[in-house]
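The structure under discussion appears below in the form of structure tokens.
For this chain, numbers begin at 1 and follow the sequence in order. No experiment lies behind these values; they were computed from the predicted model shown.
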Amino acid sequence: MEIYLLAGLAIVVVLLAVGGFFLVRTRRPVAPGEEETAPEVTGEPKSAAPEDRERDGGVDLLPPAQAPPVGASVPEARVAPAEPEPETPPPSAGRMVRLRARLARSQSSFGQGLLNLLSSSSLDEDAWEEIEDTLITADIGVTSAAQIVENLRTKVKVLGTRDHDEVRTLLRDELLAQIRTDADRAVRTGPHGDRPGVIMVVGVNGTGKTTTTGKLARVLVGDGRTVVLGAADTFRAAASEQLQTWGSRVGAPVVRKEEGADPASVAFDAVTRGIEDGADTVIIDTAGRLHTKTGLMDELGKVKRVVEKKSQVDEVLLVLDATTGQNGLRQARVFAEVVNVTGIALTKLDGTAKGGIIVQVQRELGVPVKLVGLGEGPDDLAPFDPEVFVDAILG
């Protein structure tokens, strides 16, 4: 019996020894240089990652951004936007008619005031003086106003009429006679031979000179002509950028240089570019110099002389602000002495009753008004039509 007990104890000891051996082997430390199969966890239990916490809360997050693989195309959102397609402006034909209603609203007080005075039952001296004052207030000028009143007094006395329609006809005929319907108002823009037509746009700062240059380019492009613009107003900050914006809208190239560059050089290069491109017209925006600065006016004359070494100047358009009245007329006189102005572009005519300056500037300078600006829109520049203008004034 004792032998069996000793044998059983021996077996138990052997089993314990074998189990202890395997237990110690599985818990031995990792030898240097050996790779762990799993990270060792120490300290506090690791909390859930923010992504996991938000996902558990019902929020689905996008995976983190990754760099695109080599050779992959750049996402479309990062590509620079393409240049806008050039616009196709409407043609010049019919522009004045389309803008007639706007002109009528702004000039109605002037025309209706005259008609009411002329249609009154009593046309005494005081009434005629009031009619003359109304004409002078509209910047028609003292001489022209006196002549209109004298002619109307004679016709009304001879005809003995007070009928509104008849009086309107008399006033219309008289205003048209003063505006001169026989004047040549065509803007010469066509090429001659292998040379483009050249237009210089002059005027003082604030009259809308650069804007008028851009709008004129739209008119010509709308009529099917090719145009090159010259940013020769190098003395005013951002003038060339402003003209560049106008040119890019209609696909007209703009020749420009750094601020302060020689204006004559810019103008010369613009005409050269027009010849090389076979353009129909080159429009040169000159510096908006003050008309009282003799040196700057001499510079304007230099621009014209330099351009004429390359091609003749077909038009010199003086931009006048209709709201300036007599001051605008003084500007016109000085510019006409320097560069032989061939036409007037009258701007800001929609917000004023000063349209009578058309009569005065033509009478004193012998220069016709060829273009009128009737608003701030890009297509609010129109060839001047005397009959449409007078009809709009009279309503």
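Between Thr347 and Asp321, the side chains place no donor N or O within less than 3.5 Å of an acceptor N or O (distance only, hydrogens not considered). In the model, Arg363 has no side-chain atom that pairs as donor or acceptor with a side-chain atom of Thr143 under 3.5 Å. Remark: the Gln242 side chain and the Thr211 side chain contain an N/O donor-acceptor pair separated by less than 3.5 Å.
Between Arg273 and Pro196 the shortest side-chain heavy-atom distance does not fall below 4.5 Å. Residues Leu220 and Ile283 are in side-chain contact: their nearest non-hydrogen atoms beyond the backbone lie under 4.5 Å apart. Considering only heavy atoms from C-beta on, Leu152 comes within 4.5 Å of Leu171 through its side chain. For the pair Pro263/Phe235, a side-chain contact is recorded, criterion being any heavy-atom separation below 4.5 Å from C-beta on.
Nearest heavy-atom pair across Ala270 and Val228 is O-CG1, 3.9 Å. Here the closest non-hydrogen pair linking Gly190 and Arg225 is CA-NH1, 3.6 Å. The two residues Thr342 and Val367 come nearest to each other via the heavy atoms C-CG1, 3.7 Å. Here the shortest heavy-atom pairing between Val339 and Lys304 reads O-CE, 3.6 Å. Between Val369 and Val372, the shortest heavy-atom distance links the atoms CG1-CG1, 4.0 Å. When all heavy atoms of Pro89 and Val250 are compared, the pair lying nearest together is CG-CG1, 3.6 Å.
Hydrophobic clustering, with ILVMFWY side chains joined whenever heavy atoms are under 4.5 angstrom apart, groups Val390 together with Leu170. Taking hydrophobic clusters as Ile, Leu, Val, Met, Phe, Trp and Tyr residues chained together by side-chain heavy-atom distances below 4.5 Å, Val316 does not share a cluster with Val306. Connection of Trp246 to Val266 is not established within any shared hydrophobic cluster, with ILVMFWY side chains joined at heavy-atom distances below 4.5 Å, either directly or through further cluster members. By the rule that hydrophobic residues join a cluster once side-chain heavy atoms approach within less than 4.5 Å of another member, Val204 and Val338 end up as members of one cluster. Cluster membership check: Ile275 does not share its hydrophobic cluster with Phe268, using side-chain heavy-atom separations under 4.5 Å among Ile, Leu, Val, Met, Phe, Trp and Tyr.
Rounding to the nearest 0.5 Å places CG of Leu229 at 9.0 Å from CG of Leu216. With rounding to the nearest 0.5 Å, the separation of CG in Leu346 from OG1 in Thr212 is 9.5 Å.
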Is there a salt bridge (Lys or Arg N to Asp or Glu O under 4.0 Å) between Asp269 and Lys257? Walk through the geometry before answering.
CA-CA 10 Å; Asp269 290 348; Lys257 292 186 178 181; 3.1 Å; yes

Check the pair Phe335, Leu300 against side chain to side chain contact (heavy atoms under 4.5 Å, CB included), reporting the backbone distance first and the verdict last.
CA-CA 9 Å; Phe335 278 98; Leu300 182 60; 3.7 Å; yes

The test is side chain to side chain contact (heavy atoms under 4.5 Å, CB included); show your working for Thr226 and Asp277 and say whether it passes.
CA-CA 9 Å; Thr226 55; Asp277 292 356; over 6 Å; no

Start with the C-alpha distance between Asp391 and Arg168, add both sets of side-chain angles, then the distance that settles salt bridge (Lys or Arg N to Asp or Glu O under 4.0 Å), and finish with yes or no.
CA-CA 10 Å; Asp391 288 340; Arg168 183 187 184 282; 3.7 Å; yes

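When atom types are taken as modelled, the side chain of Thr181 and the backbone of Leu176 share no donor-acceptor pair closer than 3.5 angstrom. Under a 3.5 Å cut-off, the side chain of Asp285 and the backbone N or O of Ala231 do not form any donor-acceptor pair. Under a 3.5 Å cut-off, the side chain of Lys370 and the backbone N or O of Ala186 do form a donor-acceptor pair. Glu315 contributes a side-chain N or O that, together with a main-chain N or O of Arg188, makes up a donor-acceptor pair within less than 3.5 Å.
Asp233 has a carboxylate O that lies under 4.0 Å from a charged side-chain N of Lys209, or vice versa, which qualifies the two as a salt bridge. One finds a salt bridge joining Asp262 and Lys302 here, because a Lys/Arg side-chain nitrogen approaches an Asp/Glu carboxylate oxygen to under 4.0 Å. Between Arg305 and Asp298, no side-chain nitrogen of the basic residue sits less than 4.0 Å from a carboxylate oxygen of the acidic one, so the salt-bridge criterion is not met. Electrostatic pairing of Asp380 and Lys215 does not count as a salt bridge here, judged by no charged N lying under 4.0 Å from a carboxylate O.
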